[in-house]
Amino acid sequence: MTASLKRLAARLPKAELHIHIEGSLEPAMMLELADRNGITLPYPDIDAVSKAYNFNCLQDFLDIYYQGMSVLQTEQDFHDLTWAYLQRCHQQNVVHCEIFFDPQGHTERGIGFEVFMPGISRALEKAQDELGISSRLIMCFLRHLDEASAFETLQAAEPYLDAITGVGLDSSELGHPPHLFRNVFERAAQLGLKRVAHAGEEGPPAYVYEALDLLGVDRIDHGNRSLEDDELVKRLASGRMPLTVCPQSNLRLAVIDDMAAHPIRKMLALGLNACINSDDPAYFGGYMNENFDALITSTGLTRDEIFQLVGNGFKSSFLPPAEIAAHMSRINEMREASKE
Ligand code: ADE
Ligand code: ZN
């Protein structure tokens, strides 16, 4: 039974809405790019890298993640990183992706928009042409830096805004509440950008309220801790506010103790608009299908719930309504066919 559900999840066309492109840097590529760019990493080989990927919390991970991205130096590096992720999408039937990137993780090292934007964009265009994968780009502000730095980043992005659909908020959540970024999100809204924010991953329900009320977000990234507040759950459910949930990330960052305790089924039962995503697949043990597999193995996820989660992914995307409808009709056809 679980094997056939895993085959179903693998076969379905899927949308991924929560993936940090820098978090798709596989250990092998990290070592290869370090070599290519003459950078010394504290890891002699892939085993040493994998051993370092043992985290007790979000900050443990972020320290290694920011160090890892130092190997990304040239336009070609950003292209190769993005293209590798898109090939994984193709292998796993992810047909639409909305990709986060962390400009300040690069500009702080002297690598500017003129380097990473063309590299990432070239890979996205090639994926549309050669693999039929559609995509959007979402630029995240690092919340451990201040709002002035976020404003500088938004300004540096202005020549590239045709290629950027929205802004997000990521990095160390605790102690860096959404209200600190209210003005820069307001400016992003004036520029016509969509808005999302990581909230309720480690932070309390109050951070989710702030993201909704002060940042005006279109989606909440993670949102797990919303479950601690019944009023918030009701509000999220009645507004069909998307939650981009990341099961393997939750396990590896100790948001949950084991996969069997993942609240995804509870979220759906409460009427929450959750979908499944990989977050930082190179660091957390897998891409989209591995996240479904883990839930199927450990939580008893059902066929109907798989369809619900996959449909929520498309419906929560920033695609135009006609494209969402086309994806949904394909999924509904597959739902009917899989009953037989
Ligand atoms: N940056 C990359 N992955 C992240 C996560 N899961 N939470 C916050 N910031 C991140
Ligand atoms: Zn994330």
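Read the numbers this way: they start at 1 and go in the same order the structure lists the ligands and their atoms. Bear in mind the structure is a predicted one, so any value in this text is a computation, not a measurement.
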Contact partition for H222 relative to ligand 1, non-hydrogen atoms under 4.0 Å: side chain
Atoms in ligand 1 with a heavy atom of E201 nearer than 4.0 Å: 5 (C), 6 (N), 7 (N), 8 (C)
D280, any N or O under 3.5 Å of ligand 1 N or O: yes
Co-membership, hydrophobic cluster, residues I99 and L193, 4.5 Å side-chain: yes
Between D63 and Q59, a side-chain donor and acceptor under 3.5 Å: yes
Contact partition for E22 relative to ligand 1, non-hydrogen atoms under 4.0 Å: neither
Verdict with reasoning, K234 to E231, per salt bridge (charged side-chain N to carboxylate O under 4.0 Å, His left out): CA-CA 5 Å; K234 276 192 215 144; E231 282 309 308; 3.3 Å; yes
For ligand 1, the portion of Y65 having any non-hydrogen atom under 4.0 Å away: side chain
4.0 Å heavy-atom contact, G23 with ligand 1: no
Protein contact of atom 6 (N) of ligand 1 - nearest heavy atom, named by residue and atom, plus distance: D279 OD2, 2.7 Å
N/O/S from H20 sitting under 2.8 Å away from the Zn ion (ligand 2): yes
Metal proximity, D279 vs the Zn ion (ligand 2), N/O/S cut-off 2.8 Å: yes
Ligand 1 N/O within reach of S171 N/O, cut-off under 3.5 Å: yes
The Zn ion (ligand 2) to nearest N/O/S of H222 below 2.8 Å: no
Pair D280 + R252: basic N to acidic O under 4.0 Å: no
Centroid-centroid distance, F185 to F181, less than 6.0 Å: no
Protein contact of atom 1 (N) of ligand 1 - nearest heavy atom, named by residue and atom, plus distance: H20 CE1, 3.5 Å
Atom indices of ligand 1 within 4.0 angstrom of F61 heavy atoms, with elements: 2 (C), 3 (N)
Aromatic ring pairing W83/H79, orientation class (parallel under 30°, perpendicular over 60°, tilted between): parallel
Of all N/O/S atoms in H18, the name of the one nearest the Zn ion (ligand 2): NE2
Pairing of R219 and E98 as salt bridge, 4.0 angstrom limit: yes
Partner of L5 by side-chain contact (heavy atoms from CB on, under 4.5 Å), out of I306, D293, L301, T302: I306
Evaluation steps, ring-ring contact (aromatic ring centres under 6.0 Å, His included), between H198 and H222: CA-CA 6 Å; H198 284 55; H222 295 293; 5.3 Å; yes
Close approach, L62 and ligand 1, non-hydrogen under 4.0 angstrom: yes
Whether over 12 other heavy atoms sit under 6.0 Å from R136 CZ: yes
